Peer 1: 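Here it is, the structure, as structure tokens.
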Amino acid sequence: MPELPEIAHAKKFADKALLNKKVRKISFGAAKPLQAAQKKFKEIFEDQTFTETQQLGKYLFAKSDSNKWLVLHFGMSGKLDFSAQPKLPKHAIITFHFKDDTHFSFVCPRKFGKVWIADSVEKFQKEHELGPDALSISKKEFLDLMEKQSAGVKSVLMDQHKIAGIGNVYTDEILFQSHIHPKKKVSNLSKTELNSIHRNITKVLKKATQLIDEGEKSPDNWLKSHRDEGDACPNCKGKIKMIKIGGRSTYFCEGCQKL
DNA sequence: ATGCGTGTTGACTA
DNA sequence: ATAGTCAACACGCA
């Protein structure tokens with residue numbers, strides 16, 4: 001589920017399913033994702049009410065009346081669930097039960113996700129050395145940041161310490177729409193190319209969020225709809241290539257994306 | 001049935 | 001500084 005657009009959608013889901021309801025009880029599943037003791041979660045969030053959510057990149061925050069924040073990172077397989085069924089979803093890591101017997105769960109089959117308790121979003125961001133949210137970064141900030149980078153452009157865009165929120169799939173999409181090869185060194189990018197990347201970060205992430213909210217799939221002219229080696233490039237009809245960058249499957253079009 | 005490769009995450013090692 | 005490995009599970013395919 002887990003890049004900025006998916007988390008933005010999850011935030012809206014949490015606004016409806018979690019906020020402004022008194023938490024009567026909390027239950028737990030696998031322990032690995034929990035970054036504090038079960039007892040702590042109970043002490044801080046039971047008999048309290050969540051009143052607001054925030055997002056920073058791939059992280060979702062929910063503030064409780066106890067003045068502490070619940071922080072969720074979705075890993076590769078995290079999702080939110082809300083239901084009135086007595087049976088909890090499979091792989092529920094932490095579940096908040098309400099008075100009317102409904103419950104809200106953070107579900108994470110592969111257990112790469114994490115759940116923290118934090119004092120504030122700002123403090124969490126600082127402690128975890130997270131960069132600015134990909135949708136809040138201005139063109140000037142972006143250009144200043146990129147000026148200091150020398151690595152390949154995909155690696156830089158995916159680095160959460162530099163910009164928070166862009167993952168494997170949307171990095172490929174942003175570079176595809178910017179007509180830039182994922183291995184091109186940031187130091188070799190022209191001003192025009194940097195501007196194009198910044199514009200496409202905003203464009204792709206906003207559009208993707210809107211599509212997810214509406215339950216629509218990605219447009220056919222997006223690379224995201226063609227993440228398959230040998231598939232036809234929606235631009236030039238050439239063959240989509242797959243290479244590995246930092247261990248991640250990277251899809252791109254050799255014809256459209258030049259080094 | 002059985003086993004293998006793959007994948008939207010990040011942290012760590014060399 | 002970049003590449004490789006790992007973590008844990010579901011799924012598709014041979």
Side-chain angles (χ1 to χ4, degrees), chain A residues 1-11 13 28-35 55-61 71-81 88-94 105-116 118 124-125 127-131 133-134 146 148-176 181-188 201 204-205 207-209 211-213 217-218 222-231 240-252 259:
Chain A
M1 236 257 203
E3 296 183 40
L4 184 145
E6 287 80 12
I7 306 303
H9 182 68
K11 178 182 190 295
F13 181 85
F28 302 92
K32 191 183 161 239
L34 299 180
Q35 305 299 304
Q55 174 179 13
L56 172 62
K58 303 178 193 175
Y59 295 77
L60 179 60
F61 300 78
V71 188
L72 301 177
H73 186 283
F74 288 58
M76 279 183 84
S77 61
K79 63 178 185 209
L80 301 179
D81 180 84
L88 298 182
K90 198 175 182 185
H91 304 300
I93 303 302
I94 184 167
S105 304
F106 174 60
V107 180
C108 194
R110 291 171 66 176
K111 301 176 180 63
F112 293 176
K114 286 186 176 168
V115 188
W116 297 261
F124 185 90
Q125 178 173 18
E127 280 173 5
H128 293 259
E129 299 178 311
L130 294 169
D133 186 276
M146 297 302 266
K148 294 177 242 158
Q149 312 302 325
S150 53
V153 60
K154 171 161 180 169
S155 310
V156 171
L157 292 181
M158 279 191 36
D159 186 342
Q160 305 302 301
H161 302 301
K162 301 192 171 81
I163 301 173
I166 308 173
N168 193 38
V169 170
Y170 291 109
T171 307
D172 284 359
E173 189 65 47
I174 288 159
L175 293 175
F176 175 74
H181 194 292
K183 279 198 162 167
K184 185 155 181 171
K185 301 284 181 210
V186 170
S187 46
N188 291 335
I201 287 174
V204 166
L205 297 181
K207 182 68 181 175
T209 302
L211 291 169
I212 294 164
D213 286 345
K217 52 184 186 180
S218 302
W222 278 28
L223 175 65
K224 189 169 186 287
S225 306
H226 304 273
R227 293 180 69 78
D228 211 355
E229 187 151 40
D231 207 344
I240 296 297
K241 285 210 120 193
M242 195 273 272
I243 57 174
K244 295 280 184 184
I245 296 180
R248 300 296 184 270
S249 294
T250 300
Y251 294 88
F252 73 107
L259 261 172

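These numbers come from a predicted model, not from an experiment. Here is how names work: the chains are called A, B, and so on, in the same order as the sequence lines, proteins then strands, and each is numbered from 1.
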Peer 1: Does OP1 or OP2 of B/dG7 have a side-chain N or O of A/S249 closer than 4.0 Å?
Peer 2: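 For A/S249, the contact criterion (side-chain N or O under 4.0 Å from OP1 or OP2 of B/dG7) is met.
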Peer 1: If stacking means aromatic ring centre less than 5.5 angstrom from the base's six-membered ring centre, planes under 30°, is A/F112 stacked on C/dA7?
Peer 2: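 A stacking contact exists, since A/F112 sits close and nearly parallel to the base ring of C/dA7.
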Peer 1: Phosphate oxygens OP1/OP2 of B/dT9: is one of them under 4.0 Å from a side-chain N or O of A/H73?
Peer 2: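 No, because none of the side-chain N or O atoms of A/H73 sits under 4.0 Å from OP1 or OP2 of B/dT9.
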Peer 1: With a 3.5 angstrom cut-off on both distances, give the Watson-Crick or G-U wobble partner of C/dA10, or none if there isn't one.
Peer 2: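 With both distances under 3.5 Å, C/dA10 matches B/dT6.
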Peer 1: With heavy atoms under 4.0 Å as the rule, sort A/A151 into base, sugar-phosphate or nothing.
Peer 2: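 Result for A/A151 = sugar-phosphate.
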Peer 1: Closer than 4.0 Å, any side-chain N/O of A/K58 to the OP1 or OP2 of B/dT9?
Peer 2: yes
Peer 1: Counting just side-chain N and O atoms, does A/Y251 come under 4.0 Å of either OP1 or OP2 of B/dT6?
Peer 2: no
Peer 1: Answer yes or no: does a side-chain N or O of A/K183 lie under 4.0 Å from OP1 or OP2 of C/dT2?
Peer 2: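 Negative; the distance criterion is not met.
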Peer 1: Reckon A/S150 touches a base, only the sugar-phosphate, or nothing at all at heavy-atom distances under 4.0 Å?
Peer 2: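 Nothing, no nucleic acid heavy atom in range.
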Peer 1: Between A/K244 and B/dG7, does any side-chain N or O lie under 4.0 Å from OP1 or OP2?
Peer 2: yes
Peer 1: Please check the phosphate of C/dA8 (OP1 and OP2 only) for any side-chain N or O of A/H91 closer than 4.0 Å.
Peer 2: no
Peer 1: Name the orientation class of the two ring planes belonging to A/W116 and A/Y59 (parallel below 30°, tilted from 30 to 60°, perpendicular beyond 60°).
Peer 2: tilted
Peer 1: Report yes or no: is there a donor-acceptor pair, N or O only, under 3.5 Å between the side chain of A/R227 and the base of B/dG7?
Peer 2: no
Peer 1: Look up atom CG in A/L72 and atom CD in A/Q55, then write down how far apart they are to the nearest 0.5 Å.
Peer 2: 11.5 Å
Peer 1: Using a heavy-atom cut-off of 4.0 Å across all strands, would you classify A/K224 as base, sugar-phosphate, or nothing?
Peer 2: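 Here A/K224 touches no strand at all.
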Peer 1: Given B/dT9, is OP1 or OP2 found less than 4.0 Å from the side-chain N or O atoms of A/K111?
Peer 2: no
Peer 1: What integer number of Å spans the P atoms of B/dT6 and C/dG4?
Peer 2: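 So the two P atoms sit 14 Å from each other.
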Peer 1: Identify whether the distance between the nearest side-chain nitrogen and carboxylate oxygen of A/D172 and A/K154 falls below 4.0 Å.
Peer 2: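 Yes, this pair counts.
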Peer 1: Mind checking if A/G247 touches a base, just sugar-phosphate, or nothing, with heavy atoms under 4.0 Å?
Peer 2: nothing
Peer 1: Confirm from the modelled atom types if A/R248 and B/dG7 form a donor-acceptor pair under 3.5 Å, side chain to base only.
Peer 2: no
Peer 1: Using the P atoms only, state how far C/dA1 lies from B/dT9, rounded to an integer number of Å.
Peer 2: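 To the nearest whole Å, 22 Å.
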